[in-house]
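Throughout, a chain's letter reflects where its sequence line sits, starting with A, and its residues are numbered from 1. The figures that follow rest on heavy atoms only: side chains count, while hydrogens, waters and symmetry mates do not.
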Protein chains: 2
Amino acid sequence: MSGNDATPYDPHAFEPFAVTVDLAVFTVREGGLHVLLIRRGQDPYAGAWALPGGFILPRECAEDAARRELAEETGLSQESAAALHLEQLRTYSDPDRDPRMRVVSVAYTALVPGLPEPRGGGDAAHAQWTAVGALPALAFDHARIIADARERVRAKLEYTSLATAFCPPEFTLGELQQVYETVWGVELDRPNFRRKVLASPGFVEPVEGAPRRTGGRGKPAALYRAGTATTLHPALLRPERRSEGERSV
Amino acid sequence: MSGNDATPYDPHAFEPFAVTVDLAVFTVREGGLHVLLIRRGQDPYAGAWALPGGFILPRECAEDAARRELAEETGLSQESAAALHLEQLRTYSDPDRDPRMRVVSVAYTALVPGLPEPRGGGDAAHAQWTAVGALPALAFDHARIIADARERVRAKLEYTSLATAFCPPEFTLGELQQVYETVWGVELDRPNFRRKVLASPGFVEPVEGAPRRTGGRGKPAALYRAGTATTLHPALLRPERRSEGERSV
DNA sequence: CCCTTTATGGTCATCCTGACTATAAAGGAG
DNA sequence: CTCCTTTATAGTCAGGATGACCATAAAGGG
C-alpha cells in the first residue's frame, strides 16, 4: 500500500529516505564468473571497491535507473544496454547500511555476454571486472548483495534459459556448457548436456549458416541462438550438491 | 551502492521519497487460495480494497516493518507472527503509483496456516480474506502485486518446502496435498503425491503419536510435521502446463 | 602422419513419473 | 449390523529422463 490511512502526507514530515539502485553485473570470462566493480572516489568508503549504482531520479522507476546506470558503467549505448538481461534482485534496507543517512537500495542483477571492457564514464572512473572467487573488501553491504545475486543466478540457470544471456547472439553448445560449468563450478558431460539442451523445447534453435571454425582447436561446432522459451521443461538440474538438502533422520 | 560519488548529501536536497511495505498474506481455506485485504478509509482510493501495509519507521528495516504490520493486521502477537513465513517479493517504484507523492513500496509475501480470522487492529478496521479468484478492484498497483506474489508462491511450491507454511504444526499428507492442489489449481494423484513427498529427504517427518481421526470421514491418517529441508530434491513438479514453455519449431 | 582436442551420435542400466489396481479403516445410511 | 462411501496406504508397470560410458568425425599442431 502507500501510507497508513491515518498518516498525513506532508512530504517533509518524515525522515527523508534516499532510494538508490545497485547493480551486480556478471559476465563469464577466462573461465570464471566476474562481477563489475568500481572504485569509490569519496567518503564513505573512499578508495574501496563497490557495486555501480546511483540515485533514482524524480521521474524514474527503479528499473529505468538501473538500466541507465548499466549503460553508463558498461560504456554501452542505451540501445545496446536495453538488450541486456536485467532483473530485480531484492531491496536492502538496513537502517545502518549507509553511515550518512537513511538509504534504501533496490539491487539488480545484470548479465552481459562476452567480455566488453568496462568504460567507466562519468563518476565511475575505474570500473573493472573482478573474479567472484577473489573479491576485495567491498563498501556498504555490497558483498552480501553479490552473494545473493550469485546464488540467484545459479538457481535460475536450472529452470530458465538465463544462460543464453551470457552468450553472444550466436553461440555453440560448448560455449553454453561453459557458462553452466563456470557458474555452477562443476564439470558436465558433453553428450549428456547436449542431449538435455536440445530436448528442452525453445531453449536454443539452430542457425542455418555454416558452422564456426575460427580459432577453435577441434571439430567445428554448429551455431545456435537463444530460443523463445524462458522456462525450461524439463529443467537442467545441477549435479549432486551435498550439504544442501538436509535429511530429517 | 548509496549515492553517486559526486553527489552531495544534504538529506533535503532531493525530492523526498516515502518508503512503505505492502503485504500479500495468503492462506488456504474452503478449498481456495485467499489473500488478506483491508478497506481503505481515506483518499486516495477511499473505500477501495487494498493490501495491508504502511511506512517503514526511522530505525526499522523493511522486514521488521513487514513483520510488524503482519502482526497488527492478523491480530497475532509479535511472537506468533514471528513464526509465520515472510519473504520479500519485490519492490515497486513506478513514479505515478501513488498520486500524492513519490512512494516506493517493498512488497512481501506471507503465508499463514489454517484460517485465523483477521482482527483488524488500529488503522485497518476492516480486514478480510478474499478468494484470489474473485478479487475486487484494488487500490494502487496492488492487483499487480498479488499476481506477482501468487506466481512466486506457485513456483516455489515446486522446489521448496514452502507448502508446509500453509499447514498447522502437525498435518496429514492429505492436507499437504490440498495445499498443492489449491495453489496450483490442479488435482493430484494421491498415491503418487505421497510417494514423492516421502522420497524428498527432510520435507516432512512423521509424528510418533496416534493418528488423527477427528471429523475425518475416511481411514485415519498419520500425522507429519515440517522437516528441516528448505529445498526439495527431487523437486515436486507441477503437472503439464500448456502455454508456458513455448516451442521453437 | 599421428596425436590431441572438440563435436556429435549412440548404448545401457537406473531412477523417477504418471496411470492404475488393490487393500485397509474409518463414518453414515438403511 | 451390513453395505456403501470416503480417505489412507501399498503395490505394479510401462515410459521417459538421467548419468556413465563408448565410438566416430573433423579440425589443428607437432
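- Between B:Phe166 and B:Thr182, the closest side-chain pair of non-hydrogen atoms is not below 4.5 Å.
- Nearest heavy atom pair, residue A:Glu73 against residue A:Pro52, reads CG-CB, 3.3 Å.
- Of all heavy-atom pairs spanning A:Ile145 and A:Ala107, the tightest one is CG2-CB, 3.8 Å.
- B:Thr231 contributes no side-chain N or O that, together with a main-chain N or O of B:Thr160, makes up a donor-acceptor pair within less than 3.5 Å.
- For B:Glu158 and C:dT17, the CD to C1' distance is 14 Å, given to the nearest whole Å.
- Atom CD of A:Glu187 sits in a sparse spot, with 12 or fewer heavy atoms from other residues, nucleotides or ligands closer than 6.0 Å.
- Counting only distance, with no hydrogens or angles, the side chain of B:Arg90 and the backbone of A:Gln88 share no donor-acceptor pair below 3.5 Å.
- For the pair B:Ser93/A:Cys61, a side-chain contact is recorded, criterion being any heavy-atom separation below 4.5 Å from C-beta on.
- Once you apply a 4.0 Å limit to the heavy atoms of chain B, the touched nucleotides of DNA chain D run 5' to 3' over D:dT6 to D:dT12.
- Partner of B:Leu111 under the side-chain contact (heavy atoms from CB on, under 4.5 Å) criterion, chosen from B:Thr164, B:Leu86, B:Val179, B:Val153: B:Val153.
- B:Ala222 comes within 4.0 angstrom of the backbone, heavy atoms only, and of no base.
- Of the residues in residues 184-195 of chain B, those with a non-hydrogen atom less than 4.0 angstrom from any atom of DNA chain C are B:Asp189, B:Pro191, B:Asn192, B:Arg195.
- Distance NE2 (A:His233) to P (C:dG18): 14 Å, rounded to an integer number of Å.
- Across the protein-nucleic acid pair, B:Leu237 atom CG and C:dC16 atom C1' stand 10 Å apart, rounded to whole Å.
- Between A:Pro234 and B:Leu223, the one whose closest nucleotide on DNA chain D sits nearer the 5' end is B:Leu223.
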